[in-house]
Every structure is written in structure tokens, then in C-alpha cells.
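Small disclaimer: the values here were computed from a predicted structure and weren't measured. Numbering of ligands and ligand atoms starts at 1, following listing order.
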Amino acid sequence: IVIVATGGTIAGIADSPAGNVYTPAQLTVESLIRQVPQISGKASVEGLQLCNIASQYMMPRIWIHLAGVVDSLFSGDHCDGIVVTHGTDTMEETAFFLDLVNAHERPVVFTGSMRPSNSPGADGPANLFNAVCLAADPAAVGKGVLVVMNDYIFSASEVTKTHTVNPQAFESPDQGPLGTIRGGNAFFYHPRHGRPFLEKKFSIAELANRDLPRVDIVMSYAGATSLLFDTLVKNGTEGIVIAGVGHGNYSEQIENSAKNAVRNGVFVVRATRVLQGGVSSDVENPFKGQVVSRSLSPQKARILLMLALTASREPADIQRFFDQYP
Ligand code: ASP
């Protein structure tokens, strides 16, 4: 198993005795591995330091680099599985990006921690142990990119961070976890669970030498003006995901701007800031040409739109990418 480390709180060091004030992304991958000697009874591991950053600084360029590394490790038959350690703030985004471009069947498991490495009750070692056990487990093969946090296994496309500080910080609000890990053994709740949704992955080789199209997110709320939306359009954004209210609705000003933007060739995806239910169709005030996010959160809809725009510029084709999600 190769452990690819990117930083985050799991590699963080606390400056205060209680561990609540800390600096993320300090430890190297070798130190992370040394903290969990129990791993050696489960798998032979190798560390690879991809970067060492807090995940609020994560960027699409690093996603592409990571995807290239994963592709070459598996293509070269270098390992049976990969664990990615990552900050929890944007873990779901990097994991989802990788899920969209990783065509390999072998397990890729993301993990991190909510508490820094030297705080009382640090959760990093247990999470890393679980992630290695899962990446080494044949039952995880073919399930798409997985996330393991606090003994639960999640699918990259479904998981989201739902708590700012508690170690029980990850959930799949609509679908629930895929399974759990106990004593280093994975238990999947249902065999159907955890199949990757996208039929055909985006080619990482084609993405390696280009920047992804720029896509932004605008939130709607009571009295939301279209100032941010219009500014983004003026500044050349190619797509806007609206984190709408309710079933993907938005204020009148944003609605007018969205209609104009679609007429001018900017792609608009109707998503929701609500945690469950997704946006399945244009229910209220529909207009032609906008796309609905289905079950993807705004931050994941943005990533799918960035990739979809590398393949097509037809709203109907773009919608088909989203329609593969429930
Ligand atoms: N800000 C940190 C990060 O995402 C939080 C964490 O890792 O839990 O890198």
C-alpha cells in the first residue's frame, strides 16, 4: 500500500495543551507511518509526500498531479492499494475529482483527522490504520474512491463534512455510509453500495497539460443580489453552480442573471445549499439550458462541470453527466 500524504490536520502539531490551536501540515509521511506501528501487521507500506498543505489551500493543479501519481502507481503495478492522507476541509472535493478520473479498480482510500497529531485523543492514527486496512482489503476493489473517517466508510461522490470540529465529522446525508471498519476488518452494509457512478472516466492523460475550465459557485439567500454572479460572468467564468435555496431555487436577481448568462453561453448548474434531496429537475421557474445537479452538492457539481466542459459544450450532454448520479 502506498500512502500518499498531502498535509492537513492529521499532519498537524498543536501549540496549545488542549490541542485546539494548531498548525496543520507539519509532519512528513514517514512520521505519520511511524505513529502507527500496528500497520506493519496488516500491510507493507511505502510513503510518498505529494505536498504538505492545509486543504483549504488545495488546488485543481494538485488534483491533477495526484491523479497522475495514482495512475502511474497502478499502471506500473507498484501497489495493491493507495491511501491518501488529506486535510478534512476539502477532502470530499479531491476524493470526488479522483473518482471522476481514476479508471483503476484497485482501492483508493482517503483519510485525515479532526484533531492534530499531538492532541489528547488524536484521531489520525486510528483513521490511518483503518484506511490502510481498507486499501489492502479485496472487498474494497471496484468500489470507486472511498473515504474512511471515524470507523465509517463512505463513497467519494456521497460524502461531505458535516461538523467543524468533532471527530464524527463526515456523513453521506442521503445515502448513509457504505460500511464500517472494526478491528481492521471492513464490513460493507450492502453489496450494491459503492459502485462508481460515472460510466466512463475522464482521461487524466488529457488533463495533464491543460488548466481546467473556470467554474464558480454562487449562493442564494433571502435578498441575494446578482452582483457576485454578474461579476463572475464579466470576468470570464465558464460556468456557475448556484447553491440555491430549497429545491435549487434562487432570488429573482440571480434568476434574471442566470437566464442572461445561459443565453450568452455560460453554463449554469442549479444545485442546493440544502444537505439532503439534491435537485432532480427544474421544478419552479424552469428555463431552458440550465443543468440540474442531481444528488451532487454545489462543491461537487462544480468539479463535475469543470470536467464535463472539457468533453462537451452542449447543455444536454452536460446534463447527461449529472444524470448518472441519483
Ligand atoms: N483545515 C484543515 C485542513 O483541511 C482541517 C483538517 O484537516 O481537519 O487541512
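With N127 contributing its side chain and G112 its backbone, the two residues share a donor-acceptor pair below 3.5 Å. Between the side chain of S31 and the backbone N or O of L27, no donor-acceptor pair lies under 3.5 Å. The backbone N or O of D123 sits nowhere less than 3.5 Å from a side-chain atom of R115 that would complete a donor-acceptor pair.
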In residues 213-220, what donor-acceptor pairs under 3.5 Å come from side-chain atoms, sequence neighbours left out?
from, atom 1, to, atom 2, distance (Å)
R214, NE, D216, OD2, 3.1
R214, NH1, N235, O, 3.2
R214, NH2, D216, OD2, 3.2
D216, OD2, T237, OG1, 2.6
S220, OG, S251, N, 3.1

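In this structure, F74 and H104 have tilted ring planes: the angle between them lies in the 30° to 60° band.
In summary, the aromatic rings of F110 and F170 are positioned with their centroids too far apart to meet the 6.0 Å limit.
For ligand 1, the protein residues placed under 4.0 Å by at least one non-hydrogen atom are G8, T9, Y22, A54, S55, Q56, G87, T88, D89, S113.
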